[in-house]
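Here is the structure we will look at, set down as structure tokens.
In listed order, ligands and their atoms are each counted from 1.
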Amino acid sequence: MNTATGTSALPYTFLGPEGTFTESALLMVPGAASAERVPSTNAADALARVRAGRARAAMLPIENSIEGGVPATLDAISNGVELRILHEVVVPVSFVLVAPADVSLQDVTHVGTHPHAWAQTRNWFQDHLPDAVHVPANSTAAAAHQLLGAGAAFQAAVCAPLVAEQTGLSVLAAGIEDNIGAVTRFVLVGPPGELPEPTGADKTTLAIPLPEDRPGALMEILEQFASRGVNLNRIESRPTGQFLGHYIFSVDVDGHIRDARVADALRGLHRVSPEMRFLGSYPRADQQPPLIREHNADAAFDEAAAWVGTLLG
Ligand SMILES: O=C(O)C(=O)C[C@]1(C(=O)O)C=C[C@@H](O)C=C1
């Protein structure tokens, strides 16, 4: 990836420290396990490294099957200098509760972890430690690492089983996730450059500001996809931070910008929302090709363009 621009000598970065689910996701990218890896404190920090040319790409969590979008990532990729998603990885998530060896379950009044991990273990805590107070951390592993030093504001942390092995912290409880089979989706984000080749099972991510607050504005955006047979996988709104009621829609759709129906939808969207950002076309982790009706296939777009050409003479 990006070898043409000479970035392959740069390290990868990820939401750290060592042992986050995000690092596991990065290790699933071909070549990343043998490449240099530098942890970042949060999504903004990771993308700042990429934007400054100090990392070739950053792995970040974007969406969880239980808790939905990861706001810090959605905001960091939608604003600032343009970046591109190059790759996606889906990782199953299972959590353990860890603590120093002298702490037992009854001693735990405060628990450190990432907000998404807390949300995915809420019922377990309701059943086993109903009075436990959540102390938010930048990542699950960051919370566990704080327990290794003095002065942590909590006695236990929720993290990946791997972190217990890496740190030597004791496991007070394992498999504490409320939903067996939950997964988190991660994206590898790099500078704009060569697009990943279409595979036939691709995804395109967009950040679309609502240009005007008026009836039908969102409908006008959605109909650009509907009329070209482009399927939406995810849509959520994030405040722009400029003023109350001003939103960017973060959208994933089936298909690659090199697919005629997707390119045509992007042309329509650019007219409706000129500030829209293209955040990349990349292979789907599940390799599931979309269902495309004949009149939305590339050949139908080519034939229609040729027909208009004949009319124009
Ligand atoms: O804290 C970590 O270990 C992460 O990789 C972040 C993160 C997330 O943001 O959703 C990843 C997977 C889990 O859903 C919980 C936390």
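Ranking protein heavy atoms by distance to atom 12 (C) of ligand 1, first place goes to Thr184 OG1, 3.5 Å. For atom 4 (C) of ligand 1, the closest heavy atom belonging to the protein is Thr22 OG1, 3.4 Å. Ranking protein heavy atoms by distance to atom 9 (O) of ligand 1, first place goes to His114 CE1, 3.1 Å. The shortest contact between atom 6 (C) of ligand 1 and any protein heavy atom is with Leu15 CD2, 3.8 Å.
For the side chain to side chain donor-acceptor pair (under 3.5 Å) with Ser281, the lone residue among Thr204, Thr199, Thr205 that qualifies is Thr204.
Among the atoms of His116, none of the N or O lies under 3.5 angstrom from an N or O of ligand 1. Looking at ligand 1, you'll find an N or O of Phe21 within less than 3.5 Å of one of its N or O atoms. Inclusion of Ser139 in the set of residues having an N or O under 3.5 Å from an N or O of ligand 1 is not warranted. The N/O atoms of Thr140, backbone and side chain alike, include one that comes under 3.5 Å of an N/O atom in ligand 1.
Grouped by direct or indirect side-chain proximity (heavy atoms under 4.5 Å, Ile/Leu/Val/Met/Phe/Trp/Tyr only), Leu74 sits with Leu15, Leu47, Val50, Leu60, Ile62, Ile77, Leu83, Ile85, Val187, Val189, Leu279, Tyr282.
For Phe95 and Trp124, the distance between ring centers is not under 6.0 angstrom.
Neither side chain, Asp252 nor Asn233, offers a donor N or O lying under 3.5 Å from an acceptor on the other. For the residue pair His114/Ser139, the side-chain donor-acceptor check at 3.5 Å is not satisfied. Ser78 and Arg238 form no side-chain donor-acceptor contact under 3.5 Å, judged by distance and modelled atom types alone. Side chain to side chain, Thr41 and Asn138 fail the donor-acceptor criterion of an N or O pair below 3.5 Å.
The cationic atom of Arg56 (NZ for Lys, CZ for Arg) lies less than 6.0 Å from the six-membered ring centre of Tyr12 and within 45° of the ring axis.
By the 4.0 Å heavy-atom criterion, Gln120 is counted among the residues contacting ligand 1.
If you look at Thr20 next to ligand 1, the close heavy atoms, those under 4.0 Å, come from the backbone and the side chain alike.
For ligand 1, the atoms closer than 4.0 angstrom to any heavy atom of Asn64 are 14 (O).
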